[in-house]
Student: 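One structure is given below, represented as structure tokens, and several questions about it will come after.
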Amino acid sequence: MCTLEKRGSVYILTLTGNDEHRLNPPLIDSIRAALRRIRSETTTSSSALITTAHGKFFCNGYDLGWAQSDPLRHPQLMSSKLRSLVGDLISLPMPTIAAVSGHASAAGLILALSHDYVLMRKDRGFLYMSEMDIGFKVPAWFVALMRCKVGSPEAVRDVVLRAEKLGAEAAAKKGIVDLACGGAAETVEEAVRLGEELVGRRWNGAVYGRNRETLLAEVVGAMGFDETVENADGTPKAVSRL
């Protein structure tokens, strides 16, 4: 699922294995458990978090096979758990960095954008919102996050409505990625350097987390409901296509 190591004051959370790291309840629960551990260990010290992955995928979105095994309940459960995970990242009392080591698609791109900084290897992988190509509506809260994190309305349009597949350098030009790096190892090392730089500012973590929540207030508000998998009263909505 995932591992957690610490280099000085920088935590590195790694999605392990050579699979696609598709988001399902076990993986999301594993990541959230790691974040709870980080919170428990950093009540007074300044820290930073890096999230990365093994293999050619950073995260290839939702586990659609698992969702389709119960199309009434499983999509809503996955959405709810991902929203909780993103909420954990938004409130985490430290800077966060996604070291994107491979493809990040759909909900996997949303996971990356839920970090304060996005670094990406330029020798392999692309960012891709696949919903247009698979005939699936993009949740409103996904778009709220992209509007807060992506450099321009034109870039958001191209990602959502053109389903562009963007390598690291193209994504950096569109303001989606902060830095295009060499390979996977170089991306993580650049993330560690950035994390150490940010830790060196010795900011108050609680204040940092609250300021991020204020900055992303639109996202926090939008995450309370996912119209693609649930009705207005909170009951699950049957999803006929994923």
Side-chain angles (χ1 to χ4, degrees), residues 1-19 21-55 57-59 81-102 104 107-121 125 145 149 168 177-213 215-216 219-220:
M1 291 296 169
C2 71
T3 61
L4 186 65
E5 63 174 302
K6 193 176 183 185
R7 296 189 195 176
S9 296
V10 177
Y11 287 90
I12 302 176
L13 190 160
T14 304
L15 308 184
T16 56
N18 292 315
D19 60 5
H21 309 300
R22 285 190 176 267
L23 294 166
N24 53 34
L27 177 55
I28 294 172
D29 290 347
S30 178
I31 298 170
R32 295 191 70 201
L35 297 183
R36 286 194 296 272
R37 176 185 155 190
I38 292 170
R39 286 179 188 272
S40 71
E41 294 179 356
T42 57
T43 54
T44 58
S45 60
S46 180
S47 302
L49 167 69
I50 295 166
T51 303
T52 190
H54 290 156
F57 288 91
F58 175 77
C59 177
K81 284 185 173 289
L82 177 60
R83 284 177 279 155
S84 294
L85 170 57
V86 172
D88 290 345
L89 287 167
I90 290 175
S91 65
L92 199 69
M94 65 189 66
T96 59
I97 306 162
V100 179
S101 50
L109 174 55
I110 294 301
L111 176 63
L113 291 176
S114 298
H115 295 72
D116 301 325
Y117 303 90
V118 180
L119 280 57
M120 184 178 177
R121 67 186 296 181
L145 179 64
K149 293 300 189 81
V177 166
D178 295 288
L179 183 64
C181 307
E186 292 86 351
T187 304
V188 172
E189 290 307 315
E190 286 289 348
V192 170
R193 279 191 281 272
L194 175 58
E196 291 172 343
E197 175 189 332
L198 296 169
V199 168
R201 300 295 299 272
R202 304 189 67 81
W203 289 315
N204 181 296
V207 172
Y208 190 95
R210 288 197 294 270
N211 283 344
R212 186 198 291 116
E213 288 177 304
L215 184 66
L216 301 179
V219 181
V220 173

Student: With sequence neighbours left out, write down each residue that passes side-chain hydrogen bond (donor to acceptor under 3.5 Å, both in side chains) with K81, or none if nothing qualifies.
Tutor: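 K81 satisfies side-chain hydrogen bond (donor to acceptor under 3.5 Å, both in side chains) with D29 once adjacent residues are dropped.
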
Student: Tabulate below the donor-acceptor pairs under 3.5 Å that side-chain atoms of residues 186-199 make, not counting sequence neighbours, or state none.
Tutor:
| from | atom 1 | to | atom 2 | distance (Å) |
| --- | --- | --- | --- | --- |
| E186 | OE1 | G183 | N | 2.9 |
| T187 | OG1 | R121 | N | 3.3 |
| T187 | OG1 | G183 | O | 2.8 |
| E189 | OE2 | R7 | NH1 | 2.9 |
| E190 | OE2 | R193 | NH2 | 3.0 |

Student: Distance check, rounded to the nearest 0.5 Å: L4 atom CG versus I38 atom CD1?
Tutor: 4.5 Å

Student: List, one per line, each side-chain donor-acceptor pair under 3.5 Å for residues 107-117, sequence neighbours excluded.
Tutor:
| from | atom 1 | to | atom 2 | distance (Å) |
| --- | --- | --- | --- | --- |
| S114 | OG | I110 | O | 2.8 |
| H115 | ND1 | L111 | O | 3.0 |
| H115 | ND1 | A112 | O | 3.3 |
| H115 | NE2 | T51 | OG1 | 2.8 |
| D116 | OD1 | R212 | NE | 2.8 |
| D116 | OD2 | T96 | N | 2.9 |
| D116 | OD2 | T96 | OG1 | 3.4 |
| D116 | OD2 | Y208 | OH | 2.9 |
| D116 | OD2 | R212 | NH2 | 2.9 |

Student: Find the distance between SG (C59) and CG (L23) and round it off to the nearest 0.5 Å.
Tutor: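 Nearest 0.5 Å value for the SG-CG distance: 3.5 Å.
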
Student: Could I get the full list of ring pair (Phe, Tyr, Trp, His ring centres under 6.0 Å) partners for F57, not counting sequence neighbours?
Tutor: H103

Student: Return yes if some donor-acceptor pair links the side-chain N/O of S101 with the main-chain N/O of A53 below 3.5 Å, else return no.
Tutor: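 Yes, S101 side chain to A53 backbone: donor-acceptor pair under 3.5 Å.
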
Student: After noting the C-alpha distance and the side-chain angles of E41 and Y11, does the key distance pass the side chain to side chain contact (heavy atoms under 4.5 Å, CB included) rule?
Tutor: CA-CA 11 Å; E41 294 179 356; Y11 287 90; 2.7 Å; yes

Student: Only one of I31, L35, L216 passes side chain to side chain contact (heavy atoms under 4.5 Å, CB included) with L89; say which it is.
Tutor: L35

Student: In Å and rounded to the nearest 0.5 Å, what is the OG to CZ distance from S46 to R202?
Tutor: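 S46 atom OG to R202 atom CZ measures 6.5 Å (nearest 0.5 Å).
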
Student: Nearest 0.5 Å, please: how far is CG in L15 from CE in M1?
Tutor: 10.5 Å

Student: What is the minimum heavy-atom distance between G102 and M120, and which atoms define it?
Tutor: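 The answer is O-CE, 4.3 Å.
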
Student: Is the closest side-chain heavy-atom distance between L215 and E213 below 4.5 Å?
Tutor: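 No. Closest side-chain heavy atoms not under 4.5 Å.
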
Student: Going by the rule side-chain hydrogen bond (donor to acceptor under 3.5 Å, both in side chains), which residues pair with D178 if we only count those two or more places apart in sequence or in a different chain?
Tutor: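 Listed in chain order: nothing, the list is empty.
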
Student: As a quick check of understanding, evaluate side-chain hydrogen bond (donor to acceptor under 3.5 Å, both in side chains) for T42 and R37, giving each step before the final call.
Tutor: CA-CA 9 Å; T42 57; R37 176 185 155 190; over 6 Å; no

Student: Which atom names give the shortest non-hydrogen contact between C2 and S30, and what distance separates them?
Tutor: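 Residues C2 and S30, closest heavy atoms: SG-OG, 3.0 Å.
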
Student: Check step by step if side chain to side chain contact (heavy atoms under 4.5 Å, CB included) holds for L119 and V100.
Tutor: CA-CA 6 Å; L119 280 57; V100 179; over 6 Å; no

Student: Mind checking the OG-CZ spacing from S47 to R39? Nearest 0.5 Å is all I need.
Tutor: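 One gets 12.5 Å once the value is rounded to the nearest 0.5 Å.
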
Student: Apply side-chain hydrogen bond (donor to acceptor under 3.5 Å, both in side chains) to R83 and list each qualifying residue two or more places apart in sequence or on a separate chain.
Tutor: S79, E230

Student: Looking at every non-hydrogen atom in both residues, tell me the closest pair between L13 and A34 and how far apart they are.
Tutor: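 Here L13 and A34 meet closest at CD1-CB, 3.6 Å.
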
Student: If you look at every heavy atom in I50 and A99, which pair is closest and at what distance?
Tutor: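 Between these two residues, the closest heavy atoms are CG2-CB, 4.0 Å.
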
Student: How long is the gap from CG on L49 to CG on L92, to the nearest 0.5 Å?
Tutor: 6.0 Å

